[in-house]
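Working notes, structure below.
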Amino acid sequence: MFCEQCEQTASGNGCHQWGACGKSPEVNAVQDLLVYCLRGLAPVTIKARELGISCHEADVFTGETLFATMTNVNFECKRFNLYIHQCIDIREGLKHSIEKISHEPINWSNISNYQPDFSESLAEQGREKDLTFISKSTNNVDIFSLKLTVLYGIKGAASYNFHAQELGQEDENVYAFIQEALASLDRNDLSLEDWINIALKVGEINLRAMELLDKGHTTTYGHPTPTQVPLNPKQGKAILVSGHDIKQLAALLEQTLNKGLNVYTHGELLPAHGYPILKQKYSHFYGHYGTAWQNQTKEFAHFPGAIIVTTNCLMPPHETYEDKLFTIGPVGYSGINYLSSDDQGIPDYSLAIQTSLEMPGFTKDEEPRHVMVGFAHNTVLSVSEQVIEAVKQGKIRHFFLVGGCDGAKPGRTYYTEFIEKVPQDCIVLTLACGKFRFFDKQLGEIGNLPRLMDVGQCNDAYSAIKIALGLAEAFQVGVNDLPLSMILSWYEQKAVAVLLTLLYLGIKDIRLGPTLPAFITPNVLKFLSETYNLQPITTPDQDLVACLS
Ligand code: FS2
Ligand code: SF4
């Protein structure tokens with residue numbers, strides 16, 4: 001197997017025997033075969049689009065299945081076998097529609113005519129289609145590096161777009177670009193510069209996908225407002241929901257109405273408490289339990305109710321809690337309960353609800369502890385005049401955006417130490433699951449402004465970008481001239497997409513850690529550092545001095 005799409009890739013140079021995430025070589029092979037089939041579907045959708053044939057089914061399917069191949073989403077061969085079947089069916093259906101309109105046979109390339117042998121192991125066939133194919137044809141390691149960057153970036157963009165589409169927000173341009181990018185992976189006539197431009201275009205399209213998602217969230221559930229979230233369990237039956245999917249959380253809140261259950265969020269669903277419509281409508285939407293994804297094996301084992309995982313990051317479950325664990329949507333793990341959805345995409349949670357009702361729940365109230373969420377773009381930019389005044393008066397010296405993914409590597413303690421060392425006259429904005437290393441720290445206030453503000457999930461990176469651009473406009477300077485430094489942590493492919501968006505926007509001086517992506521070659525890194533001054537994190541002390549100088 002060959003996979004190096006995430007930060008925890010084995011020895012920093014690719015998982016070859018078994019995934020450090022728990023992905024088996026078989027699952028990796030069927031994921032590669034699915035990606036190969038999606039690359040064959042892409043040119044067919046491009047042709048269909050040219051002829052005015054609807055590609056909606058193919059587009060939505062492509063988004064969902066790319067999402068399923070991301071790190072810690074789906075570990076189930078059976079599901080990928082099904083996706084591969086569907087992919088070939090959709091492709092052949094579109095070809096049929098094209099031929100009816102064009103009245104002439106089309107000379108499809110081999111990849112668009114590829115037919116797996118469904119009577120044989122798809123994992124075996126996937127081994128012949130692994131991602132090193134795209135290097136064999138180019139023989140240029142830097143182009144291979146950029147092709148992988150594009151593929152991983154569109155996986156991230158597809159996942160944002162998946163959530164936006166669930167909320168009724170779609171843009172044909174996003175779908176069309178994802179298909180074009182997939183088709184381009186097969187091209188050998190593009191230069192290094194062309195590939196850099198495609199990678200930046202991924203960033204541009206991802207910005208649009210994130211904007212759609214922000215619109216989906218805020219038009220459906222209201223703009224997040226500062227909200228205090230209990231971290232202490234309270235007595236009563238309980239159900240836990242993890243991942244990122246706000247729509248599926250809302251569906252669970254609806255289905256648990258008057259059932260005598262308190263709903264707790266886990267991991268990246270913490271910021272959901274900031275949405276006013278959810279808080280107003282569901283009094284049983286109680287609090288948050290646990291921290292970041294890599295702690296789930298310990299935390300899930302102790303939760304006294306059912307647990308639903310809506311998206312990444314799912315870890316291979318322990319026996320101690322697998323009976324009370326449920327997955328939905330693109331998420332899956334062999335042997336774990338899967339709750340299927342109706343034709344509106346809403347899962348039937350009754351089995352998980354029943355499981356929770358049969359479990360003890362929390363037997364006593366614990367001592368109150370709280371954390372604040374809800375500092376998304378609408379809230380932060382509503383006080384921009386106050387912020388400008390505080391900066392002019394020297395009360396605020398600098399802003400730090402310390403955000404991104406968490407993970408298990410020891411080097412990630414950098415981020416906690418960094419926060420602890422940020423001077424008192426500086427403000428920290430944070431987002432995504434990396435914040436769980438410091439989210440409950442009391443950093444105090446500057447005037448009425450909290451020194452630590454949670455912008456939201458990794459899915460709310462758009463909000464952080466909007467805040468940066470909004471402040472730049474308010475200060476009438478370019479975003480690179482703001483007293484703002486970005487200290488980012490990455491783990492999976494959404495972070496790749498967000499980084500490409502930041503580069504597309506021309507944002508410089510980003511510090512990235514805990515290690516740099518294995519798929520970035522020294523030459524590509526040299527280009528990124530010379531053009532954008534993208535740099536690896538060093539030590540908290542050294543980076544703080546550099547940012548504040
Ligand atoms: Fe965290 Fe995991 Fe949010 Fe990433 S929960 S690392 O895939 O999506 O961030
Ligand atoms: Fe390895 Fe990450 Fe790929 Fe899993 S997703 S196999 S940990 S590189």
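As the structure lists them, so they are numbered: ligands from 1, and atoms in each ligand from 1.
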Protein residue, atom and distance nearest to [atom], heavy-atom basis:
| atom | value |
| --- | --- |
| atom 1 (Fe) of ligand 2 | C15 SG, 2.3 Å |
| atom 7 (S) of ligand 2 | C21 N, 3.2 Å |
| atom 2 (Fe) of ligand 2 | C6 SG, 2.3 Å |
| atom 3 (Fe) of ligand 2 | C3 SG, 2.3 Å |
| atom 5 (S) of ligand 2 | T71 OG1, 3.3 Å |

Would you mind running through ligand 2 and noting each atom that sits below 4.0 Å from a heavy atom of M1?
6 (S)
Think R511 forms a cation-pi with Y414, using NZ or CZ under 6.0 Å from the six-ring centre and within 45 degrees of its axis?
no
Ligand-side contact atoms (ligand 1) for residue partner [X], heavy atom cut-off under 4.0 Å:
| X | result |
| --- | --- |
| C433 | 1 (Fe), 5 (S), 6 (S), 9 (O) |
| K494 | 8 (O) |
| W293 | 1 (Fe), 2 (Fe), 5 (S), 6 (S) |
| Y491 | 6 (S) |

Would you tell me which option among H244, M70, H266 has the nearest heavy-atom contact to atom 8 (O) of ligand 1?
H244
Residue part near ligand 1, for Q457, under 4.0 Å between non-hydrogen atoms:
neither
Whether M70 lies under 4.0 Å from ligand 2, heavy atom
no
Check whether any N or O atom of N312, backbone or side chain, sits under 3.5 Å from an N or O atom of ligand 1, and answer yes or no.
yes
Geometric class of the H217/Y275 ring pair [parallel <30°, tilted 30-60°, perpendicular >60°]
tilted
Heteroatom N/O/S of E268 within less than 2.8 Å of atom 3 (Fe) of ligand 1:
yes
Please determine if atom 3 (Fe) of ligand 1 has an N/O/S atom from C458 lying under 2.8 Å away.
yes
Euclidean distance, E268 CD relative to D245 CG, rounded to 0.5 Å:
12.5 Å
Among the N, O or S atoms of E492, the one nearest atom 4 (Fe) of ligand 1
OE2
Using a heavy-atom cut-off of under 4.0 Å, does the side chain or the backbone of Q5 touch ligand 2, or both, or neither?
both
Are any of the side-chain heavy atoms of V496 and P517 separated by less than 4.5 Å?
no
Do K147 side-chain atoms and W195 backbone N/O form a donor-acceptor pair below 3.5 Å?
no
